[in-house]
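Right, I'll just put the structure down here and ask away after.
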There are 2 protein chains.
Amino acid sequence: MKYKIDADALKFYALTMTENLKDRHSPDVMESWARLQRASGAVLSRVEVHLKAEGFPPLGWYDVLLELRRAGGVGLRPVDIEKRMLLAQYNVSRLIERLVAASYVDKRRAPDDGRGVMVCLRPEGEALLEKMWPVYREAVEVEFAAHLDEEEAETLWKLLGKLLP
Amino acid sequence: MKYKIDADALKFYALTMTENLKDRHSPDVMESWARLQRASGAVLSRVEVHLKAEGFPPLGWYDVLLELRRAGGVGLRPVDIEKRMLLAQYNVSRLIERLVAASYVDKRRAPDDGRGVMVCLRPEGEALLEKMWPVYREAVEVEFAAHLDEEEAETLWKLLGKLLP
DNA sequence: TTTAAGTAGATGCAGATGCATTGAAATACA
DNA sequence: TGTATTTCAATGCATCTGCATCTACTTAAA
């Protein structure tokens with residue numbers, strides 16, 4: 001094998017050494033924390049770019065519609081959406097407002113509670129889910145899954161589970 | 001932030017986690033993805049609650065000031081802050097605007113580039129870092145670190161590294 | 001039953017974010 | 001050199017979020 005020393009090689013060497021040092025260095029917990037925020041934010045925004053590029057609404061819309069589909073015909077109370085998605089009450093209220101305006105869901109009076117409403121998926125919402133799914137899936141594949149093997153994804157899943165309430 | 005935690009949400013998650021464990025179901029990549037978003041959002045909002053409770057500004061302010069301190073006296077270009085923190089350009093621009101208004105940083109003309117500015121930490125900013133640090137550290141300890149041991153935190157750090165650009 | 005306390009959901013307002021665009025300066029390039 | 005392209009940063013505008021509060025209804029308690 002032949003080695004050639006030039007500026008680029010030196011630069012590469014310096015970089016790898018730095019990387020090696022970084023690897024040996026055990027990151028403190030603040031670095032893990034910071035990276036959790038950076039990485040999840042970065043990947044989310046990249047996934048959202050895919051959706052926007054195809055003219056789709058934000059991911060939050062998809063998530064709500066998906067919960068509604070899982071819930072079946074009776075729909076969900078806003079307060080349930082709030083708990084499942086860990087959203088603030090006023091955000092749920094306004095997200096639903098937008099979904100109603102866009103005709104993706106219906107809002108009905110809750111049968112057993114005069115204060116509440118039931119939010120139900122409309123066929124238009126179901127159709128949106130269908131149309132968004134392949135794009136969403138592909139985006140997550142490219143921006144997230146492609147960087148992890150099966151086992152890593154599962155490890156990540158387990159570790160993140162420890163952080164959930 | 002848009003995540004809000006309460007006792008019922010906690011119960012809901014405890015239940016779903018238990019079920020998942022019972023099922024011994026190997027999560028697909030979408031579940032890892034979803035959990036990344038849920039968990040990081042949930043923990044972030046809980047950490048922010050600590051800061052707000054003590055009357056401190058949002059975490060983003062701290063992060064920028066910290067980068068500026070690391071950069072030393074010469075300061076940083078907005079475009080560098082943008083890259084380090086993975087923020088959108090207009091968000092950096094406006095965050096700096098707020099930090100200037102709050103007297104935590106200075107904005108000077110960049111010496112070697114007529115288009116640019118240098119953002120420099122002021123003593124007031126340094127003081128804010130000092131005051132926020134114990135609260136921030138404690139918040140991350142309680143809401144994040146307490147749920148992971150040393151090795152788990154490092155594994156998480158490594159896995160998340162694969163997702164960074 | 002009457003009153004008090006709690007819960008579901010909406011909303012006014014202020015502040016933050018996203019998008020598109022602008023102006024100015026640097027760089028590329030013919 | 002002169003023109004085209006790219007980069008840095010700011011901003012007008014619309015939308016979204018966070019906070020506090022409000023109304024309406026339910027539940028608990030006397």
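Per chain, numbering begins at 1; letters A, B, ... match sequence-line order.
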### Task
To the nearest Å, give me how far apart CG (B:Asn91) and P (C:dC19) are.
10 Å
### Message
Other residues, nucleotides and ligands only: do more than 12 of their heavy atoms fall within 6.0 Å of CZ on B:Arg69?
### Response
yes
### Query
For the side chain of B:Arg94 and the base of C:dG18, is some donor closer than 3.5 Å to an acceptor across the two?
yes
### Query
Take atom CZ in A:Arg137; do more than 12 heavy atoms of anything else shown fall under 6.0 Å from it?
no
### Message
Check this for me: does the side-chain of A:Gln89 come within 3.5 Å of the base of C:dA8 through a donor and an acceptor?
### Response
no
### Task
Return yes if the base of D:dA10 and the side-chain atoms of B:Glu97 contain a donor-acceptor N/O pair under 3.5 Å, otherwise no.
no
### Task
For B:Gly116 and for A:Trp61, locate the closest nucleotide of DNA chain D by heavy-atom distance; then report the residue assigned to the nucleotide nearer the 5' terminus.
B:Gly116
### Message
So for B:Arg115 and D:dT7, does any side-chain atom that can act as donor or acceptor lie under 3.5 Å from a complementary atom in the base?
### Response
yes
### Message
Please classify the nucleic acid contact of B:Arg77 as base, sugar-phosphate, or nothing, using heavy-atom distances under 4.0 Å.
### Response
sugar-phosphate
### Query
Relative to the 5' end of DNA chain D, which residue comes earlier, A:Pro58 or A:Gly114, by the nucleotide with the nearest heavy atom?
A:Pro58
#### Entry: Salt-bridge present (A:Lys158, A:Glu154; N to O < 4.0 Å)
yes
### Query
Within the structure shown, what part of the strands sits under 4.0 Å from B:Val117 by heavy-atom distance: base, sugar-phosphate, or nothing?
sugar-phosphate
### Message
From the set D:dC16, D:dC19, C:dT17, return the single nucleotide nearest to any side-chain atom of A:Tyr90.
### Response
D:dC19
### Message
Using the side-chain contact (heavy atoms from CB on, under 4.5 Å) definition, which of the options A:Leu76, A:Val79, A:Val64 pairs with A:Arg84?
### Response
A:Leu76
